[in-house]
Undergrad: 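My structure is below; once you've seen it, I'll send some questions.
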Amino acid sequence: MRIAALLLAAGLGRRFGSRTAKQYLPLGARPVIRHAAEALLPHVDLLLPVGDAALLAEALDGLEKVHAAVRGGVTRQQSVRLGLDALDALPADRRPDLVLVHDGARPYVPASVVTAVIDALATHRGAVPCIPVAETIKRADAGLISATVPRHGLYRAQTPQGFDFATLRDLHRAHMHEAGGAGDLTDDAAFLEQAGIPVALVRGAEDNIKLTYEEDLMRLERLLGPTLLPRTGTGFDVHAFGEPRPLMLCGIEVAHERGLAGHSDADVGLHALCDAIYGALAEGDIGRHFPPSEADWKDADSARFLIHAGERIAARGGILVNADVTLICERPKIGPHAEAMRARLAALLRTDIGRISVKATTTERLGFTGRGEGIACQASATVLVR
Ligand code: CTP
Ligand code: MG
């Protein structure tokens, strides 16, 4: 029995209203849609994302079983149909028997919900995870309540919805020319219901929130929070002034008569911050991940080290809470560059600039930094991880 998942990500998120479409926003250290993909992947043989190919390739980079993305449509219904067409075009030995259709904006679907949907497909051609409506339901118009709707027998439908592949494909194709090709059914089970095909109801989960309005992002972040523990790491690094090469500090070039000596680009700020993050994760230090003996790292742009450290947080399912970097030198003056450094570090770590601090101090002309022989840096980082 082959199972494929369609992961929908072609929407514009008009109700959410962010510049980046909601499914690509970071939640913890990973994009919303990557959480969704990781939740589904253990249960399926193939995952086919529907949406912008470049954004999806970046967001889902490195995950196994992920097919190249197909372009979506104007409506969700159209996006699903295009995804089903792409699955249908696979060679016969890869075409699925069952398909799960999941909202890319729904990051935290519990494994129990996915397995309940798949299990129900042993006896039904469609299955939908649902939550019974708990509140009293009102109908209203223009701010005035007009009626109370009996809530008995009412449910809120979630995804992933599961189907016999051929059944869903044929129903979507049968309806594809309605509404000028832009039919707007917001879920897929509706086609089976209209056709009189029984659809099983399985238990959904309150945490299986669809990111729809801005406040949903806060709810999702709160869900992530208590399952994680805070851990703090520190890092320290020193490089001597030496060669006449560009001075790299915290990922940006700072105008100065001398650069720092070192195997890589000698960016003392990036190195200390990497070690703080590795320390917080208890994953060794920068030398373990990028041994100085390897020619590969000679003159390397240290930005790649920090990107790696950030990816380690993501791989652990964690969040960078904050990082604080202190550069120690008499010259150059760091103040004028601090904002650009914060922005660069935040970009490399894919986090908000508000979580990154860069500051500097002198040592009152004492010691090697005081004599202008080199630059030291100390950093701390706090992460939340499981
Ligand atoms: N979706 C899609 N193609 C569309 C519209 C929606 O693939 N043309 C996807 C969305 O990316 C989302 C899922 O369907 O993962 C659920 O849709 P919804 O929450 O309505 O997302 P948007 O349509 O993006 O948001 P809005 O309706 O607020 O514009
Ligand atoms: Mg929509």
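Read the numbers this way: they start at 1 and go in the same order the structure lists the ligands and their atoms. For the single chain, residues carry numbers from 1 onward in sequence order.
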Undergrad: Just to verify, what does His172 make a ring-ring contact (aromatic ring centres under 6.0 Å, His included) with, not counting sequence neighbours?
TA: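 ring-ring contact (aromatic ring centres under 6.0 Å, His included) check on His172 returns Phe191.
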Undergrad: Could you list all the side chain to side chain donor-acceptor pair (under 3.5 Å) pairs where at least one residue sits in residues 201-210, not counting sequence neighbours?
TA: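 Matches after skipping sequence neighbours: Arg156-Glu206, Gln158-Asn208, Lys210-Thr212.
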Undergrad: Kindly write out the residues that satisfy side-chain hydrogen bond (donor to acceptor under 3.5 Å, both in side chains) with Thr362, not counting sequence neighbours, or none if the list is empty.
TA: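 Expected list: none.
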Undergrad: Which residue is it: Leu192, Leu98, Leu6? I am looking for the one with a side chain to side chain contact (heavy atoms under 4.5 Å, CB included) to Leu168.
TA: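 The single option meeting the side chain to side chain contact (heavy atoms under 4.5 Å, CB included) with Leu168 is Leu192.
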Undergrad: Give a yes or no on whether the ring-centroid distance for His289 and Phe305 is below 6.0 angstrom.
TA: no
Undergrad: Output yes when Arg169 and Asp85 qualify as a salt bridge under the 4.0 Å nitrogen-oxygen rule, no when they do not.
TA: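 No, Arg169 and Asp85 are not salt-bridged.
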Undergrad: What does the list of residues with a heavy atom under 4.0 Å from ligand 1 look like, ordered by chain and number?
TA: Leu8, Ala9, Ala10, Gly11, Leu12, Gly13, Arg14, Arg15, Lys22, Gln23, Gly73, Val74, Thr75, Arg76, Ser79, Asp103, Gly104, Ala105, Lys210
